[in-house]
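Report on the structure given below.
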Amino acid sequence: MPSGGRPEPHERVLIELVFLGTSASAPSVQRGLSSHVVSYRDARFLVDCGEGTQRQILRSGIGFRRLSRILITHGHLDHILGLAGLLSTFMRWEAIDSLEIWAGAWALERIHDLLYGVVLRGAKPALDLQLRAIEPGTLLEDDGFRLTAFPVSHRGPGCFGFAFEEPSRRPFLVERAEALGVPPGPLRRDLVAGKPVVALDGRTVQPEDVLGPVRRGTRLIHVGDCARTDDLVEVCRDADALVIEATYLDVEADLAREFGHLTARQAASLAVDASIGHLYLTHISRRYNEREVFHEASAVFPSVSVARDFDSIQVRRPE
Ligand SMILES: [Zn+2]
Ligand SMILES: [Zn+2]
């Protein structure tokens, strides 16, 4: 897990993801239901919360601290049932005083029924519980990091994928600034902020003079259950890592179509079309063995892994 410190200006943000549950629809002996933790600096997000997520968190050793923001890809039961147990536990502790759950409107209605109808039954939550409806676009932004949601086609309305990204930036060219007589300090900060400044010799220096070409920041794309990929190519374009479902194999492509899921080959083709750095497949069905899934995907896109529960990945854009 990240140390929580701010990176140096030249250093790319490191995004980490721990797979807590990688099974489709029902758990298997080896795999729990969908849930992952994404973290960068000192921010953490639980993405989906299938049944059994609490125990997976315990087993992973990542701890419950700062797990107060949950992003839900869609409202199917294999992605949300764990919320009931998690809320019940959090309410018994005093360590967690707020819980934010973000989901599309339809999923949020079902989550509301689960939490207010079954868990709380008229009682007031013993922590600050906020259910927040996701609209496509930016969910959170702080300096140097952005979380956005984008629509995903699956079964039913309001399914979303998430982009965790460090915005693109232009590096400050120190030698140029020195040659132009701009000393370290407020003048350089103004140039980085896009304002022209007057150098020591009275010349005006423009930001253009001291900023290098645009560099894209570290970017992780997370897509949950998904029926088609043609509408995802642009949002995935050039990401360092893509986490996406691969519920079926090509031999059962008709079932994938019928139930609104992808085959391993379709997921790999998206990685090719969008020039992804590395592809991580999850939501693996008990009907196949992992090697078959890997084999089908790697024939199309070699830089692929089939995720297992408790796998941990680190994503940082190479300089
Ligand atoms: Zn699912
Ligand atoms: Zn689903």
Side-chain angles (χ1 to χ4, degrees), residues 1-6 13-23 27 30-103 107-108 110-112 114-116 118-121 123-132 134 139-140 142 145 147 149 160 162 164 220 222 224 243 280 282-283 307-315:
M1 290 293 108
S3 62
R6 296 262 142 180
V13 168
L14 174 70
I15 307 174
E16 301 193 275
L17 183 145
V18 179
F19 292 92
L20 295 176
T22 57
S23 183
Q30 288 85 17
R31 296 175 185 274
L33 290 177
S34 287
S35 188
H36 314 304
V37 174
V38 177
S39 50
Y40 66 91
R41 295 187 193 137
D42 45 12
R44 291 173 115 190
F45 299 88
L46 191 66
V47 183
D48 285 340
C49 189
E51 176 199 338
T53 294
Q54 288 190 79
R55 186 139 191 281
Q56 298 294 86
I57 293 171
L58 288 170
R59 290 188 61 198
S60 72
I62 60 171
F64 289 89
R65 248 167 19 98
R66 291 183 281 108
L67 270 188
S68 56
R69 282 186 189 142
I70 304 179
L71 309 171
I72 299 292
T73 57
H74 67 296
H76 288 159
L77 294 177
D78 57 324
H79 298 255
I80 65 165
L81 277 181
L83 289 170
L86 196 66
L87 175 63
S88 154
T89 299
F90 280 0
M91 286 197 307
R92 258 179 269 126
W93 293 347
E94 273 148 29
I96 292 191
D97 45 22
S98 70
L99 187 62
E100 271 175 38
I101 301 172
W102 298 72
L108 216 52
R110 199 172 199 182
I111 292 165
H112 186 279
L114 177 66
L115 300 184
Y116 284 91
V118 177
V119 179
L120 293 163
R121 304 192 74 209
K124 205 172 155 303
L127 47 71
D128 178 18
L129 175 62
Q130 295 188 32
L131 304 189
R132 299 183 166 219
I134 295 177
L139 300 185
L140 292 166
D142 72 4
F145 211 84
L147 167 61
F160 289 97
F162 303 104
F164 300 84
L220 164 72
H222 182 290
V243 174
Y280 297 91
T282 181
H283 207 264
R308 293 179 179 169
D309 289 14
F310 311 117
D311 279 356
S312 157
I313 64 172
Q314 300 199 324
V315 185

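- The six-membered or imidazole ring of F164 lies away from that of Y40, with a centre-to-centre distance of 6.0 Å or more.
- Distance CD/E51 to CG/L83: 12.0 Å, rounded to 0.5 Å.
- Residues meeting the salt bridge (Lys or Arg N to Asp or Glu O under 4.0 Å) test with R110, sequence neighbours left out: none.
- Residues meeting the salt bridge (Lys or Arg N to Asp or Glu O under 4.0 Å) test with R308, sequence neighbours left out: E290.
- With a 4.5 Å cut-off on side-chain heavy atoms, V37 and F45 do not count as touching.
- The shortest non-hydrogen separation linking G50 to L33 is CA-CB, 4.0 Å.
- Summarising the geometry of G32 relative to P27, their closest heavy-atom pair is CA-CB, 4.5 Å, with the distance given to 0.1 Å.
- The side-chain heavy atoms of V315 and I313, taken from C-beta on, include a pair separated by under 4.5 Å.
- Here the CG atom belonging to D48 is positioned 10.0 Å from the CD1 atom belonging to I70, to the nearest 0.5 angstrom.
- In this structure, a donor-acceptor pair under 3.5 Å is present between the side chains of D78 and H283.
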(request) Show the numbers, then the answer: is there a side chain to side chain contact (heavy atoms under 4.5 Å, CB included) between L46 and L86? (result) CA-CA 11 Å; L46 191 66; L86 196 66; 4.0 Å; yes

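- Screening T282, V47, L71 against H222 for a side chain to side chain contact (heavy atoms under 4.5 Å, CB included) leaves a single residue, V47.
- A donor-acceptor pair shorter than 3.5 Å can be found between the side chains of Q54 and T89.
- One finds the CD atom of E16 at 11.5 Å from the CG atom of L220 (value rounded to the nearest 0.5 Å).
- Looking at F162 and L139, their side chains come closer than 4.5 Å, going by heavy atoms from C-beta outward.
- Partners of S98 according to the side chain to side chain donor-acceptor pair (under 3.5 Å) rule, which considers only residues two or more places apart in sequence or in another chain, do not exist here.
- Distance check, rounded to the nearest 0.5 Å: OG of S39 to CD1 of I15 gives 9.5 Å.
- Atom CH2 of residue W102 and atom CZ of residue R69 lie 8.0 Å apart, to the nearest 0.5 angstrom.
- Partners of T22 according to the side chain to side chain donor-acceptor pair (under 3.5 Å) rule, which considers only residues two or more places apart in sequence or in another chain, are R31, D309.
- For the side chain to side chain contact (heavy atoms under 4.5 Å, CB included) test with L131, the passing option among L99, I101, I72 is I101; the others fail.
- Taking all atoms of both residues into account, the shortest heavy-atom contact from P125 to L120 is CA-CD2, 3.7 Å.
- Taking the side chain as every heavy atom from C-beta outward, D142 and R41 approach each other to under 4.5 Å.
- Expressed to the nearest 0.5 Å, how far CZ of R92 lies from CG of L127 amounts to 12.0 Å.
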(request) Verify side chain to side chain contact (heavy atoms under 4.5 Å, CB included) between F90 and L129, making sure each step is shown before the conclusion. (result) CA-CA 11 Å; F90 280 0; L129 175 62; over 6 Å; no

(message) Under the criterion side chain to side chain contact (heavy atoms under 4.5 Å, CB included), I'd like the reasoning laid out for D311 against Y280: C-alpha separation, chi angles, the key distance, then a yes or no.
(response) CA-CA 11 Å; D311 279 356; Y280 297 91; over 6 Å; no

Pairs under 3.5 angstrom only: tabulate donor-acceptor contacts from the side chains of residues 58-65 to other protein residues two or more places apart or in another chain.
unit_1	atom_1	unit_2	atom_2	d
S60	OG	Q56	O	3.4
S60	OG	I57	O	2.8
S60	OG	I62	N	3.2

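- With sequence neighbours excluded, the residues that form a side chain to side chain donor-acceptor pair (under 3.5 Å) with Q130 are D128, R132.
- Taking the side chain as every heavy atom from C-beta outward, S312 and F19 never approach each other to under 4.5 Å.
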